[in-house]
Amino acid sequence: MSKTYIPSIGLEVHVQLKTQSKMFCACPVAFGEETNSLACPVCLGLPGALPVLNEGAIRLTLRTGLMLGCSTPPVVKWDRKNYFYPDMPKDYQISQFDLPLCLDGGVPLYDLAYPKDAQKTIARPGKVVPLTRIHLEEDVAKSTHHATFSTIDFNRAGTPLMEIVSEPEIDSAEEAVAYLNSLRQILVYGGVSDADMEKGQMRCDVNISVRPPEQKQLGAKIELKNLNSVSAVRRAIRYEIERQIDCLETGEPLIQSTRRWDDDAGITTQMRTKEDAHDYRYFPDPDLMPVLTGTMLEEVRPWVPELPHEKVERFVRDYGVTPYDASVLSSEQVLADYFEKAAAGATTPKKIANWILNNLLAVLNEQQLGIADCPVAPEKLRALVELQESGQISNLQAREVFADLFVSPDQDPARIAQAKGFEPADTGAVEAFVDQAIAQNPAQVEEARGGNDKMLNFLTGQVMKLSKGKANPKTVSELLHARLRG
Ligand code: ZN
Ligand code: MN
């Protein structure tokens, strides 16, 4: 490569909303049901069937807009996007053209949302990718292609689909990954969608153009389709940037076109060019009234949850955990909730955080369980950590107690410790050792009395030795303090 080129990437993300029923009829939204069992005349696009708006879907979209700082036009409307395709027999998709539910706003890119190997070299930490719009439309049916024929399942037809369109201001494949992961995290937080790409609940098209640095306007926009996972998005973008640069270097013209990502081959291939680009002939759907958004927006506002980055700030401020730990804890709402329940009223919430991040998650991972399935109640974890913090059991012993607790979560951590013989050495014995240490080291005792902390530490060490390491250093130093300085 002779010079540096500037890639401009924009993402169009389709998200299936978590509603009970479909966008324009009362058919339930469900997966894995018998083929074509969830379809009515509206789903099938039969002549004369009339759509009825799903208010819940509108509210979820408005909630998303509020979470992402979008604005909403006072009146929004519905338009027909006309095209023929076997999985959409009425020959148009009901969508929103010039008055969508949300405009502007942005998606904050979280550090931990970048690919692991790219988290140390984030080009613009704290970047927010601006959005163009978010609109609401209906999903189409699902076709399956067999050797000599195709089948269509209408169960998916009419599922509320929210389309989130970003500005072409993503600079790299790694930022695109961060965008998708951050967006998913926010959507899940908001209860808007499960946004699982592997399940097709979140689908992504990518626009990429590349231009030399001296050129102001963007290069030819090339769209990538068929990206079914976050890792596919990353690989496809990296491939496509290189391909476009090669074209520019060798003088091959780049034209606006749509390409398909071949995940197995790891390449993109041309599907269609600008010449046969669609002209959708949008026009307002005469069957649907425009929607006034003012009142609904105010009703939705209280449902906007605390967002991951807001939680991170609060955890750092209120619990004294590091920003990194706070980010891991906030990566999932369930995990954040677990931590907060465990930390409630704890002497050192930071220790609770450490315990969750260093031990609990590792055990869950081993057992292939999510935090939602953690058998140990947060209150029990707090009791265990307090047991360790008060010096009654060591870190190693605490982990043993936890292993037992994991199997029989109804038990009491203190009881388990007791049953295992993890009782702290009794105070009487420790006091005897303290007496002994004081008697054996008169010079050091004098200095310690006079305020020499080093000598106090030395004496603590002596008592520990006498107890053969069984005494709790915290108790010993407290006893010594009381005796020499009290
Ligand atoms: Zn239906
Ligand atoms: Mn769309």
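Order of appearance sets the numbers: ligands from 1, and atoms from 1 within every ligand.
Checked for salt-bridge contact, Asp262 and Arg260 miss the test: no charged N lies under 4.0 Å from a carboxylate O. Between Lys199 and Asp194 there is no salt bridge, since none of the side-chain N atoms of the basic residue sits less than 4.0 Å from a carboxylate O of the acidic one. The residues Arg281 and Asp279 are annotated as salt-bridged, a charged nitrogen and a carboxylate oxygen being separated by less than 4.0 angstrom.
Using modelled atom types and a 3.5 Å distance limit, the side chains of Gln201 and Ser193 yield no donor-acceptor pair. Side chains of Glu298 and Thr295: a donor-acceptor N/O pair is absent below 3.5 angstrom, by distance only. With 3.5 Å as the limit, one finds a donor-acceptor pair spanning the side chains of His135 and Glu137.
Around the Mn ion (ligand 2), the protein atoms of type N, O or S that sit closer than 2.8 Å are His14 NE2, Glu137 OE2, Glu163 OE1.
Only protein atoms were considered; those of element N, O or S under 2.8 Å from the Zn ion (ligand 1) number 4.
Aromatic rings of Tyr83 and Tyr280 (six-membered ring for Trp) have centroids within the 6.0 Å cut-off, being under it. The ring of Phe97 has its center no closer than 6.0 angstrom to the ring center of Phe283.
Here the side chain of Asp87 pairs no donor or acceptor atom with the backbone of Lys142 at under 3.5 angstrom.
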